[in-house]
Each structure stands twice: as structure tokens, then as C-alpha cells.
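First the proteins, then the strands, lettered A, B, ... as listed; each starts at 1. As a basis for the values below, the full set of heavy atoms in this structure was taken, side chains included, without hydrogen atoms, waters or symmetry mates.
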Number of protein chains: 2
Amino acid sequence: MSEENETISLDATDLRLLDALQRDAGLSNLALAERLAVSPATCLRRTRRLESLGLIEQRLAVLNPQRLALALGHGLTAVIEVTLERQDEATLAGFETRAVAEPTVQQCYRVSPGPDFVLVTHCADMPAHLAMGQRLFTADSSVRNVKAFFSTKRSKFAPYLPLAPLGR
Amino acid sequence: MSEENETISLDATDLRLLDALQRDAGLSNLALAERLAVSPATCLRRTRRLESLGLIEQRLAVLNPQRLALALGHGLTAVIEVTLERQDEATLAGFETRAVAEPTVQQCYRVSPGPDFVLVTHCADMPAHLAMGQRLFTADSSVRNVKAFFSTKRSKFAPYLPLAPLGR
DNA sequence: GCTGAAATCACACATTA
DNA sequence: TAATGTGTGATTTCAGC
């Protein structure tokens, strides 16, 4: 992946390609090319470029937690607000590193105003959730306050970024 | 997609397959089969079954918002807590339907205790964010209270579900 | 954007437990 | 009987032009 912060230039085809991929990464290169009305070769070259530029971060299958629960038992999704004792960069970065390293943390956002971080976590059960809280919050003296809300239903999961020049 | 709520039975190979796919849906069937030490045919059959059972909800490319911002200008990610006037199912379902239909809403969770919903939204800019707030909250008399936190950095995005019998 | 070689996929069928 | 693995033609990928 290209690591420089050079200015990246994207034309309308790149944007349509990114948009198609963030909605359905299961399409074959051929199907994708047809949808964008470009040749398969062009489509492939562009996709490779967008990957090498780091714009496409990962491709993943999103599993359905409700369905999976029928087979594995219910997991526990929580939205957690975390406030630290101090807001200097070292303190923030320290907590962030620990949060990101925790496998049960699915998402981590630095936010403002309000708490310092919002996490989305998913644990197998309540003991696992409590153990995560022990590791990540109780054992960390830089954590001042924690509020956890448990998800009773994930109504939507569609992390699509708006690609403005598309006119969406 | 199978719509019945029949008991779904998953063996260790199914779980390893789901786990591989939720971490990397870019693998070819051949590579996947090799990783799981099964034949390509088995791998493909199993994948199809998991899709038809609705366990695999979608395949998507996750874009990097920081990188994309270099080309498009920064967007605005917010975590929003929403409390409604009443908590009866009709009121909850009404708001949920509107939230899910809003394209800027990336994720929607019903939660308890605390607020009734937590949303993760992404808008092109502040005017777009305010317009979303107008549509979704101000215009809805069932909404009592809204708290929005703006994300200054997405530190982690890895919506992997724990597949317990794997021993992870 | 086109073409062709190499890889991959997807299906039918034989095989095993 | 149900699931796996092997083999085949068809499709797709991906290089050079």
C-alpha cells in the first residue's frame, strides 16, 4: 500500500467503482466492468490502483448476528462511551492502542464533544463482556468514566461512505 | 435466502469458513479451500449454503475514510444517541424504519439501558449533517432527546463476530 | 481496448462413511 | 443417504500488444 500522503486524484469512474465495491464486493471483475460500462481490463487496473492507494482498506463478509445466534447462542453487542482522566495526546493514544488491540472491540472512534472514545464491542456472553471491561477499563487508571449500552437489535449495518461527485 | 427460523447446524468447518470470510472476503475459493484443508468443491458448497442460510449477509469493500478525504474532502462521522418520548414497540419501530431508510445512517442499534437508539452516521459536510438532523430528529415528534458526538478519528473498524467453538 | 494463455470456477459423477 | 473429492468443460483473470 502506498504510504505517502500525495494528493490522490479520482475521476468519475474511480468513484463509481468505489461505490459499487463498497456496496457489493462479491461482484466479479466482469460484472463490475459491465455495470460501469468499461472494459474488464480497465476495471481491473483501476481496482488494483485503488487498492494500492489504500482507498480500499479490506474486503469482508458481514455475518448476520441474529442468524448466527440460532447456531451459537446469542452474543453481546455493546456501545461504550469512555471518558479519560486527561485529554493529552499521550493519554488518548495510550488508551487507543489498548482498545484497538482488544479483539472484542469491533469499532473505536475518538469523538468530541462528550466522551473521549466510543467503542462498539461484541463478546460471546456476559462473563466475556465483564472480562473485557476488567482488562480495558478497570485495570487502566487513565479511565475516568465508562457508560455501556447493550444492543438489543442491530437494525442496520451499511458503512458506505458518500462519494459526493456522484450526486448521491 | 432461507427465511425459516429452523435450527441451523454448523460444524467446525463451517465456523472456520465463516471466520476466514469475515476477515478476508477477497480470497478465491481455491485459496480458501487450501486454508481450510478441504477440497474446492466442498468449500464452494459450504459457502453457498452459508449464504443461502443468510448467515453471510453481505460482502463489501471497506473504504479508508482518511485516504478518501485526501481526494474528496473530509466527511463527518457522528455517533448519535437518540431517546424517544415513549418506548412502546410502535414508536420504536416507527423511528427505526425512518432511521434505516436514511442513507447517511450507516449503523443503527436499539440499545438498553440509556438512550433508545445509537446511530453512526456519515455525511459529506456539516450542512448535510444538519439536514439529516432536521429530517430524522427535528421533524419527528416522537424524538425527545438527541446527543451527537463527532468522530475525529476512526481508530478501528473490524466487525468480526466471535465464533466460539473455534477457541478464539 | 483487444487478444490469448494460464488460472480459476462450477458442475456432473464416482466414492466413502 | 448425505456429504466429500476428482475430473471435466466453461468462464474469468490478467498479461502483452
Item to check | Ring centroid separation Phe95(A) to Phe117(A) under 6.0 Å | outcome: yes
Item to check | Of the listed nucleotides dG5(D), dG1(C), dA3(D), the one nearest the side chain of Arg46(B) | outcome: dA3(D)
Checklist entry - Between Cys43(A) and Leu32(A), which heavy-atom pair has the shortest distance, and what is it? => result SG-CB, 3.7 Å
Item to check | Distance-only side-chain donor-acceptor flag, Asp116(B) / Gln87(B), under 3.5 Å | outcome: yes
Checklist entry - Going by atom types alone, do Ser155(A) and Glu96(B) pair a side-chain donor with an acceptor below 3.5 Å? => result yes
Checklist entry - What one-letter contact string describes nucleotides 8-17 of chain C from 5' to 3', where B marks a base within less than 4.0 Å of any protein heavy atom, S marks contact via sugar-phosphate atoms alone, and - marks no contact? => result SSSB------
Item to check | Nearest-Å distance for atom pair CG/C1', residues Asp11(B) and dA2(D) | outcome: 13 Å
Item to check | Distance in angstrom units between Glu51(A) CD and dC14(D) P, rounded | outcome: 10 Å
Checklist entry - Quick one: CD on Glu85(B) to OG1 on Thr91(B), what's the gap to the nearest 0.5 Å? => result 9.5 Å
Next on the checklist: In the structure I gave you, are the side-chain heavy atoms of Val79(A) and Ser151(A) within less than 4.5 Å of one another anywhere?
Outcome noted: no
Checklist entry - Any side-chain N or O of Thr42(B) under 4.0 Å from OP1/OP2 of dG5(D)? => result yes
